[in-house]
Undergrad: 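Can you read through this structure? Questions will come right after.
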Amino acid sequence: MAGDGVVSVLFLDLDRFKVVNDSLGHQAGDRVLQEAASRLRAALPEGAVAGRFGGDEFVVVWPGMADEAVAADVAARLAAAVAQPIEVDGSQLLLTASVGVVVAPGGSATPAGLLRDADAAMYLAKERGRDRVELFTAAVRTTAVRRLELENELRAALERSELVVHYQPIVRLRDRRVIGAEALLRWHHPQRGVVPTNEFVAVAEETKLILSLGAWVLDEAVGSLRRWDEATAEPLGVSVNLSARQLSSSRLVDEVVCTLSRAGADPARVTFEVTESSLVDLAGEAVGNLGRLRALGCTIALDDFGTGWSSLSYLQRLPVDCLKLDRSFVARLDEDGRDRAVVGSLVNLAHALGLVVVAEGVEREAQLDVLLDFGCDAAQGFLLQPPCTAADLLQAVGQPGGCWPAASATPVPLFRSA
């Protein structure tokens with residue numbers, strides 16, 4: 001229903017638009033934006049106006065509309081109009097949109113406040129999987145405020161030395177020897193205690209904070225190699241996670257080169273992990289960065305394999321050395337015949353492609369037995385060793401009966417079969 005002194009605001013953001021710019025160029029991206037704007041204009045209800053807010057974002061203002069259900073329905077129709085195939089340079093593109101909707105039931109709301117609230121609802125749509133409409137509520141405001149607080153505190157966390165890197169050993173299965181460890185970021189907040197990693201990393205991803213955090217983790221992880229060298233003559237490796245935003249940075253490879261040079265570290269001892277789900281966003285600069293990192297001598301591992309969007313075409317196109325089986329497959333490996341069949345097939349496929357296979361989330365000996373039978377190369381998990389500080393790791397693996405490896409004459413890349 002319509003009413004005086006009310007307004008609905010719709011905040012629309014094109015999903016994964018950056019892939020268009022990276023793969024087809026900015027001119028193609030501009031044509032996509034022009035087509036999206038034309039479609040929005042044609043689908044607008046009477047009395048509503050639309051404009052480009054910035055980048056790939058559009059705002060629709062609908063004076064007099066007080067009905068949230070109607071506003072949400074129109075938002076869905078606008079998103080559907082944008083989602084129709086767009087032809088650019090002979091290629092058909094399928095884009096989706098995430099939309100946030102806020103209805104102000106009176107004249108008390110400010111334009112800035114309405115945009116902020118609609119934007120917060122749009123971010124919720126992104127977090128819940130993209131290609132959807134979300135209404136602004138008090139809960140959304142609470143989440144937005146929490147996100148802003150977390151972002152500000154995270155910016156100060158590096159200066160206050162609240163962040164620490166823990167390491168989880170990666171064990172070669174055929175002889176139970178540690179071949180390296182995965183670097184995992186942890187945040188010990190002075191008031192809140194340990195902040196869940198997925199919570200603050202998600203906030204960092206939305207901003208450019210992930211670039212600073214990633215550079216710091218890499219520096220810490222590469223620096224740990226020197227401490228490990230003091231405990232063993234074996235040149236152990238370290239595995240570092242890269243976010244989609246880091247992969248798309250034009251400065252990534254130069255930063256890696258500087259970090260390795262500063263620490264005097266062999267690139268063969270450093271593995272970079274990229275999640276399978278982030279492959280959807282990889283294009284242009286990101287794919288080139290993976291190739292350049294591998295050309296340096298570093299290893300590339302595909303993390304959480306089996307849960308995302310990857311296909312054989314990705315494995316053939318990307319410079320990947322290793323597949324890390326997601327813990328969801330390992331969890332019931334000793335109980336579910338279907339999971340055993342899937343894991344066995346994935347191990348065979350990876351080996352046929354010349355890739356090393358690492359299983360994540362190993363918690364029971366029975367799981368380890370199945371992985372050994374399948375010929376899985378390495379594993380990590382609480383059964384073998386939970387994440388711990390660099391000092392605790394050295395102490396644990398240095399105990400009698402531990403799995404610290406004997407000295408080896410030459411360094412071997414952490415996850416390369418050759």
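Basis for what follows: all heavy atoms, side chains included, without hydrogens, waters or symmetry-related copies.
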Undergrad: Quick one: do E151 and R155 make a salt bridge, cutoff under 4.0 Å?
TA: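 Judged by the 4.0 Å cut-off on N to carboxylate O distance, E151 and R155 do form a salt bridge.
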
Undergrad: Are any of the side-chain nitrogens in E360 or K324 under 4.0 Å away from the carboxylate oxygens of its partner?
TA: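 Result for this pair is yes, salt bridge flagged.
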
Undergrad: Whether E134 and R132 form a salt bridge (side-chain N of Lys/Arg under 4.0 Å from carboxylate O of Asp/Glu) is what I want to check.
TA: yes

Undergrad: To the nearest 0.5 angstrom, please state how far the CD atom of E205 sits from the CG atom of L213.
TA: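 Rounded to the nearest 0.5 Å, the CD-CG separation comes out at 10.0 Å.
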
Undergrad: Less than 4.5 Å apart, side chain to side chain, heavy atoms only: is that true for V101 and F136?
TA: no

Undergrad: Ignoring hydrogens, what is the shortest heavy-atom contact between P63 and V61? Give both atom names and the distance.
TA: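 Nearest pair, atom of P63 first, then V61: CD-O, 3.5 Å.
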
Undergrad: Quick one: are M122 and L12 in side-chain contact, heavy atoms under 4.5 Å?
TA: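 Side-chain contact under 4.5 Å: no.
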
Undergrad: Looking only at atom types and distance, does a side-chain atom of S8 sit under 3.5 Å from a main-chain N or O of M65, one as donor and one as acceptor?
TA: yes

Undergrad: Over 60° means perpendicular and under 30° means parallel, so tell me whether H188 and H166 are parallel, tilted or perpendicular.
TA: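 Correct class here is tilted.
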
Undergrad: How about C258 and L260: do any of their side-chain heavy atoms sit closer than 4.5 Å?
TA: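 Side chain of C258 against side chain of L260, heavy atoms only: no contact under 4.5 Å found.
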
Undergrad: Is there a side-chain contact between L33 and L14 (heavy atoms, below 4.5 Å)?
TA: yes

Undergrad: Between Q367 and A331 (side chain of the first, backbone of the second, donor and acceptor by atom type, cut-off under 3.5 Å), is there such a pair?
TA: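 Present.
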
Undergrad: Side chain to side chain contact (heavy atoms under 4.5 Å, CB included), that's the test. Do W187 and V164 meet it? Break it down for me.
TA: CA-CA 6 Å; W187 181 9; V164 63; over 6 Å; no

Undergrad: Determine whether a donor-acceptor pair (N or O, by modelled atom type, separation under 3.5 Å) exists between the side chain of D119 and the backbone of L115.
TA: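 Answer holds: no.
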
Undergrad: So, does S38 use its side chain to make a donor-acceptor pair with the main chain of Q34 at under 3.5 Å?
TA: no

Undergrad: Testing the basics here: between C322 and V358, what is the closest heavy-atom pair and its distance to 0.1 Å?
TA: SG-CG2, 3.8 Å

Undergrad: Would you tell me whether T259 and D219 have side-chain atoms, one donor and one acceptor, within less than 3.5 Å of each other?
TA: no

Undergrad: Might you work through the side chain to side chain donor-acceptor pair (under 3.5 Å) test for E182 and N241, ending with a clear yes or no?
TA: CA-CA 8 Å; E182 180 180 357; N241 293 280; 3.0 Å; yes

Undergrad: Work out which heavy atom in A83 is nearest to a heavy atom in L94; give both atom names and the distance.
TA: O-CD2, 4.2 Å

Undergrad: Are any of the side-chain nitrogens in R147 or E127 under 4.0 Å away from the carboxylate oxygens of its partner?
TA: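 Yes, R147 and E127 are salt-bridged.
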
Undergrad: Starting at OG1 of T143, measure out to CG of L148 and round the result to the nearest 0.5 Å.
TA: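 Rounded to the nearest 0.5 Å, the OG1-CG separation comes to 12.5 Å.
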
Undergrad: Salt-bridge test for R172 and D377: reply yes if a basic N is under 4.0 Å from a carboxylate O, no otherwise.
TA: no

Undergrad: Strictly below 4.0 Å, N to O, side chains only: are R327 and D304 in salt-bridge contact?
TA: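 Result for this pair is no, no salt bridge flagged.
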
Undergrad: As a quick check of understanding, evaluate side chain to side chain donor-acceptor pair (under 3.5 Å) for S98 and D15, giving each step before the final call.
TA: CA-CA 7 Å; S98 298; D15 298 325; 2.7 Å; yes

Undergrad: Using a 6.0 Å cut-off, check whether atom CD of Q27 has over 12 heavy atoms from anything other than its own residue.
TA: no

Undergrad: How far apart are the closest heavy atoms of S249 and L211, and which atoms are they?
TA: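 It is CB-CD2, 4.3 Å.
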
Undergrad: Is the shortest distance from a Lys or Arg side-chain nitrogen in E335 or R364 to a carboxylate oxygen in the other one below 4.0 Å?
TA: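 Looking at E335 and R364, the cut-off is met.
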
Undergrad: Would a 4.5 Å heavy-atom cut-off, applied to side chains only, mark V370 and V343 as touching?
TA: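 Of all side-chain heavy-atom pairs linking V343 with V370, none is under 4.5 Å.
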
Undergrad: Does the side chain of V59 come within less than 4.5 Å of L10's, by heavy atoms?
TA: no

Undergrad: Less than 4.0 Å between a side-chain N and a carboxylate O, is that true for K126 and D131?
TA: no

Undergrad: I'd like to know if the side chain of Q168 reaches the main chain of Q385, judged simply by a donor and an acceptor atom lying under 3.5 Å from each other, with no hydrogens or angles considered.
TA: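 Checked: pair present.
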
Undergrad: Please evaluate residues E199 and L150 with respect to the criterion side chain to side chain contact (heavy atoms under 4.5 Å, CB included), reporting the C-alpha separation (whole Å), side-chain torsions for both, the decisive distance (0.1 Å), and the verdict.
TA: CA-CA 9 Å; E199 183 178 339; L150 203 60; 3.8 Å; yes

Undergrad: Rounded to the nearest 0.5 Å, what separation is found between the CG atom of L252 and the CZ atom of F272?
TA: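 Rounded to the nearest 0.5 Å, the CG-CZ separation comes to 6.5 Å.
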
Undergrad: OG of S212 to CG of L158: how many Å apart, nearest 0.5 Å?
TA: 7.0 Å

Undergrad: Could you tell me whether a side-chain N or O of Q84 sits under 3.5 Å from a main-chain N or O of A81, the two making a donor and an acceptor?
TA: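 No: the side chain of Q84 does not pair with the backbone of A81.
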
Undergrad: Is L114 close to V7 at the side-chain level, that is, under 4.5 Å between some pair of heavy atoms?
TA: yes

Undergrad: Check this for me: R160, atom CZ, are more than 12 non-hydrogen atoms of other residues, nucleotides or ligands nearer than 6.0 Å?
TA: yes

Undergrad: Under a 4.0 Å threshold between the charged nitrogen and the carboxylate oxygen, would E57 count as salt-bridged to R52?
TA: no

Undergrad: Going through the checks in order, is the side chain to side chain contact (heavy atoms under 4.5 Å, CB included) test met by R77 and V82?
TA: CA-CA 9 Å; R77 293 208 305 269; V82 170; over 6 Å; no

Undergrad: To the nearest 0.5 Å, what is the distance between CD on E273 and OG1 on T275?
TA: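 Nearest 0.5 Å value for the CD-OG1 distance: 10.0 Å.
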
Undergrad: Are the aromatic ring centres of F53 and F11 under 6.0 angstrom apart?
TA: yes

Undergrad: Any chance you could measure D303, atom CG, to T271, atom OG1, to the nearest 0.5 Å?
TA: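 If I round to the nearest 0.5 Å, the distance is 11.5 Å.
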
Undergrad: Please name the pair of heavy atoms, one in Y167 and one in S224, separated by the smallest distance, quoted to 0.1 Å.
TA: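 Smallest interatomic distance, heavy atoms only, reads OH-CB, 3.4 Å.
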
Undergrad: Is there side-chain contact between F329 and D326, with heavy atoms separated by less than 4.5 Å?
TA: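 F329 reaches D326 side chain to side chain.
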
Undergrad: Taking it one step at a time, do D229 and R269 satisfy side chain to side chain contact (heavy atoms under 4.5 Å, CB included)?
TA: CA-CA 12 Å; D229 287 343; R269 299 175 65 182; 2.8 Å; yes

Undergrad: So, for P85 and R39, which heavy atoms are closest and what is the spacing to 0.1 Å?
TA: O-NH2, 2.8 Å

